[in-house]
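Following: one structure in structure tokens, then a few remarks.
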Amino acid sequence: MKRTLWFAVLLGATMLSAQTLTLRTAIAKTLAHHPDVKTFMLRIQQAEQGYNAAYADYLPQLDLLASYSPQTTYALPVNGMFHTVDDTGWNAGVTVHQKIWDFAKTAALVEASKTQEDISRLSLGEAKALLAYKVKSLYELLVVQREAVKVRQNDLKTKKAFYAQSQALVKQGLKTHADASRFLSSVYAAEDNLAISKAAFEKAKTSLSLYMGIPIESQVKLQKGALKKNTHVKKNIERDVLSSNYRAKIDLLSIHKQALIHQSTKSAQYGSVDLVASHNRFDTLNSYNSDYVGVSYSVPLYTGGRMTAQEQQAKIGYEIAREERDSTLLGLKEELRSLLIDIRRYSKTIKAKKAQLVSARNTQKELEARYKEGLSTYIEVLDSTALVLNAQLSLLEAYYSRSLALDRIEYLKGNI
């Protein structure tokens, strides 16, 4: 019974470590865990409260006022003369203000607050798209590093076989010790390069694990097809990017927001019309109630240039927002066109590396056979092995670079 239980536990652990980690799962885990997403979600809530605060100016404002004086001097007319009396006094009351019209100052601020809320939502989408792009790069790097480890392992295996073969040929008197020593040196170099590749794989795995917030087993299965994407790019890709990019949308809303703020600062110079109602209770020398209901209009006549400066500041902010959007669109066009050039270049590189790999493998087989017959040197054999190794690694690098370029385009389009 115990053996059966231990076997079940071992099998479960093996299955867990051998599970396939898909790219979609990695992205979903990251978006659910990463603090950047939570930060932007809080900023949305913060923007919502800013809208509520701005909208509150539409609602009645109720103030409670109270004061107490332990000694106040009162002047009283007595027989045509004024006499003073010192006495205590207090008053308490409530005042209600209701804004009637302020020349659209409040309306512009409320709309600006709503626009900021929309900007915060777009910023969350931008943060998610950026995180998805980073996860894709880490996941694909993990795939590349695992394949690189396999290539290095095969290279080490090949060089160990060469070393064993050279030792046998030395014993037979067909080769010198220099051959064996050179192959042994190549074995040490291959072991070192394999250790470097394994370390790079572990680093990529650690980074992805931190993004996801869960541990990743070293033997986890990955999607090799993540590197070999469809390279077809639509003709109207630039239009799609410019219309759907989060940064471009945010800049457009920022222009609208700054225009509203400018409108609000211009309207502030015309003042506001308010409905005012109050009730106060006074207890001084006499006790009495005071009630007031009326309409008031206040307009700033002189503020030391403050309102003019605020208006100019808002106008400049509007111009800055427009220039920033133009800069964003220019940067998007430049990056997109560079990416398209890179994708075409990487596709040609992949094609060339595939042909180079086939040629290098054929040359390697021929030189190995010639070496056994004493028709080629160990240097030629090692050179052919290096050619195969470099072609394999260069092919992986080209696939990875092209995949990153395609992922970057998806990020620019705002896709996850």
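For this chain, numbers begin at 1 and follow the sequence in order.
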Open item on the list: Using 0.5 Å steps for rounding, measure from the CZ atom of Arg146 to the CD atom of Gln219.
Closed with: 6.5 Å
TODO: Determine, for Lys205 against Glu202, whether the closest basic-nitrogen to carboxylate-oxygen distance falls under 4.0 angstrom.
DONE: yes
TODO: Find out whether Ser272 and Lys105 are in side-chain contact, i.e. whether some heavy atom of one side chain is under 4.5 Å from a heavy atom of the other.
DONE: no
Open item on the list: Looking at Arg408 and Glu335, is any side-chain nitrogen of the basic one under 4.0 Å from a carboxylate oxygen of the acidic one?
Closed with: yes
Open item on the list: If I compare all heavy atoms of Leu329 with all of Ala248, which pair ends up nearest, and what's the gap?
Closed with: CD2-CB, 4.0 Å
- [ ] For the residue pair Asp57 and Thr106, confirm or rule out a side-chain donor-acceptor distance under 3.5 Å.
- [x] no
Open item on the list: Please give me the minimum heavy-atom distance between Ser403 and Ala226, naming the atom from each residue.
Closed with: OG-O, 3.5 Å
Task: Rounded distance (nearest 0.5 Å) linking atom CD of Glu323 with atom CG of Asp326 - done: 5.5 Å
Open item on the list: To the closest 0.5 Å, what do you measure between CD (Gln116) and CG (Leu109)?
Closed with: 13.0 Å
- [ ] Start with the C-alpha distance between Lys354 and Val358, add both sets of side-chain angles, then the distance that settles side chain to side chain contact (heavy atoms under 4.5 Å, CB included), and finish with yes or no.
- [x] CA-CA 6 Å; Lys354 284 182 177 179; Val358 172; 5.8 Å; no
Open item on the list: Using side-chain heavy atoms (C-beta onward) and a distance below 4.5 Å, is Glu111 in contact with Gln263?
Closed with: no
TODO: Supply the atom-to-atom distance Asn280 CG to Leu65 CG, rounded to the nearest 0.5 angstrom.
DONE: 7.0 Å
Task: Residue pair Arg247, Leu332: steps toward the side chain to side chain contact (heavy atoms under 4.5 Å, CB included) verdict - done: CA-CA 9 Å; Arg247 189 67 257 169; Leu332 286 173; 5.5 Å; no
- [ ] Measure the shortest side-chain to side-chain distance between Thr265 and His262 over non-hydrogen atoms and say whether it is less than 4.5 angstrom.
- [x] yes
- [ ] Give, for atom CG of Leu339 and atom CZ of Arg344, the distance between the pair rounded to the nearest 0.5 Å.
- [x] 11.0 Å
TODO: Identify the heavy atoms of Ala398 and Thr349 that sit nearest to each other, and give their distance.
DONE: CB-CG2, 4.0 Å
Open item on the list: What I'd like to find out is whether the side chain of Glu140 reaches to under 4.5 Å of the side chain of Asp407, using heavy atoms alone.
Closed with: yes
Task: Heavy-atom closest contact (Leu227 atom, Val143 atom, distance) - done: CD1-CG1, 3.8 Å
TODO: Work out which heavy atom in Lys257 is nearest to a heavy atom in Ala112; give both atom names and the distance.
DONE: CG-O, 4.1 Å
Task: Side-chain donor or acceptor of Ser267 paired with backbone N/O of Phe103 under 3.5 Å - done: yes
Open item on the list: Ring-plane angle category for Phe282 and Tyr288, please: parallel below 30°, perpendicular beyond 60°, tilted otherwise.
Closed with: parallel
- [ ] Apply salt bridge (Lys or Arg N to Asp or Glu O under 4.0 Å) to Lys150 and list each qualifying residue two or more places apart in sequence or on a separate chain.
- [x] Glu147
TODO: Kindly determine whether Leu194 and Val149 satisfy side chain to side chain contact (heavy atoms under 4.5 Å, CB included), including the steps that lead there.
DONE: CA-CA 6 Å; Leu194 176 59; Val149 168; 4.0 Å; yes
Task: Distance in Å, Asp342 CG paired with Ser347 OG, rounded so as to fall on 0.5 Å steps - done: 10.5 Å
Open item on the list: For the residue pair Glu126 / Tyr411, report whether a side-chain donor-acceptor contact shorter than 3.5 Å exists.
Closed with: yes
- [ ] Please report the closest heavy-atom contact between Lys136 and Ile416, naming both atoms and the distance.
- [x] NZ-C, 4.0 Å
- [ ] Evaluate the side-chain proximity of Leu131 to Tyr211: yes if any heavy-atom separation is below 4.5 Å, no if none is.
- [x] yes
Open item on the list: The criterion is salt bridge (Lys or Arg N to Asp or Glu O under 4.0 Å); which residues satisfy it with Glu48, sequence neighbours excluded?
Closed with: Arg121
